[in-house]
Amino acid sequence: MKLPIIDVNALTSSEITARVRLACETNGFFILRNHSVKQSTVREMHEASKLFYALPVKFKMRAKQNANNRGYSPIMEEKLDLNANGDSKEGFYIGRECEDWEMDLPLRGKNVWWPPEEEEAKDEDEEESEARKIGIRFRLAMEQYYEEMVQFCDGFVPTFAEALGLPGFFEDKFKPHNALLRPLKYGKVKSEGKQFACGAHSDYGVLTMLWVQPGSEGLEIFDEKSESWMQVNLGGAEEEGKESERPDDFICNIGDLMQFWTNDRFKSTVHRVVTDGTKERYSAAFFYEPSYECEIEPIVLEGEEPKYEKTTFLKYILAKYDATHEAFDSGEKNASKKK
Ligand SMILES: O=C(O)CCC(=O)C(=O)O
Ligand SMILES: [Fe+2]
């Protein structure tokens, strides 16, 4: 499947808006080219991920994912497709460093790292001391990538408001934002035939910016028209044979919350990652989300009825996590439902 390319350097802002609108009304996927995240930042994020995930599990588990959805999640913990086996991927959630006043609120907290800043290294053997260095490099790389992504998304989100004909609509909705960065590693697995490395799902939130290791395959989008799975031609899109020249394009897609917010005008489309288990694959998903207190109510066109009940982003997202993460229980199951 060829995704439309939106080159933010080469196009005028009205061309960008028109392309974003068309992509969002079609299946919500497009490729973003010439974003502002530095190439060196992307490279280091990738290098540090490789080193971190190669560490023995005993070290990675010291940063195990907590109830605020930060930290390391081992293989098979997540089950995005409820009808399939767990996903053959490991990941690490990094969020906004919250302020002290927010700390008792759901999903708010500090990031979980290993080694934690406050922990003094003592009596460590060589293996542990090497692992610590990698843990620190991982943290620095992720913090840098996170910061540049937030900056880029802050600047890009107004385009969606323009595309909806409501300039400025999102201005106060992301204050503060709740972006989550999730570097992922899909390991080699023993499998017969294809395995769902990341089960079929649509993303939960507003906007996802996905970086995928150049040359790796596996991402598929469900095409409603033909009712079939279409492979995404990573980075290549409209230009045959040019995949490897554009390693830093992002694959962007909008999530369920954007579909909800636009009363189904913008589409959140089901996708998955399939693998034959013979190669490792790295990617990094960045989910750019509004403030938890933000009230979400469908934007309706004239004469249209709202298809969803008003909710807040917090209620909405807790219900999603409950359904897909075995380790997660918010106590708010089914807080947001379709009417
Ligand atoms: O790793 C990928 O290519 C896709 C990941 C994804 O869809 C997700 O994390 O939501
Ligand atoms: Fe996804």
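Since this is a predicted model, take the numbers as computed values, not measurements. Note that ligands are numbered from 1 as they come in the structure, with each ligand's atoms numbered from 1 the same way.
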So, [X] versus [Y], ring centres under 6.0 angstrom or not?
X      : Y      : value
His271 : Phe29  : yes
Phe52  : Phe92  : yes
Phe222 : Trp229 : yes

Hey, does His271 come in under 3.5 Å of ligand 1, counting only N/O atoms on both sides?
yes
Give the numbers and elements of all ligand 1 atoms closer than 4.0 Å to a heavy atom of [X].
X      : answer
Ser283 : 1 (O), 2 (C)
Tyr186 : 1 (O), 2 (C), 4 (C), 5 (C)
Val273 : 1 (O), 2 (C), 3 (O), 4 (C)

side-chain contact (heavy atoms from CB on, under 4.5 Å) for Val273 and Tyr186? Distances and angles first, verdict last.
CA-CA 9 Å; Val273 178; Tyr186 300 83; 3.7 Å; yes
Non-hydrogen atoms of Arg281 versus ligand 1: any pair closer than 4.0 Å?
yes
Can a non-hydrogen atom of Arg272 be found less than 4.0 Å from any atom of ligand 1?
no
Is the backbone N or O of Val270 less than 3.5 Å from a side-chain atom of Ser202, with the two atoms forming a donor-acceptor pair by type?
no
Of all N, O or S atoms in His271, identify the one at the shortest distance from the Fe ion (ligand 2).
NE2
Provide the atom name of the closest N, O or S atom of Asp203 relative to the Fe ion (ligand 2).
OD1
Nearest-0.5 Å distance, OH of residue Tyr308 to CD1 of residue Ile296:
13.0 Å
At a non-hydrogen distance cut-off of under 4.0 Å, which region of [X] contacts ligand 1 (side chain, backbone, both, or neither)?
X      : result
Arg182 : neither
Phe287 : side chain
Asp203 : side chain

Is the cationic atom of Lys173 (NZ for Lys, CZ for Arg) positioned less than 6.0 Å from the six-membered ring centroid of Phe169 and within 45 degrees of its normal?
yes
Give me the atom names and distance for the closest heavy-atom approach of Arg96 to Pro176.
NH2-CG, 3.6 Å
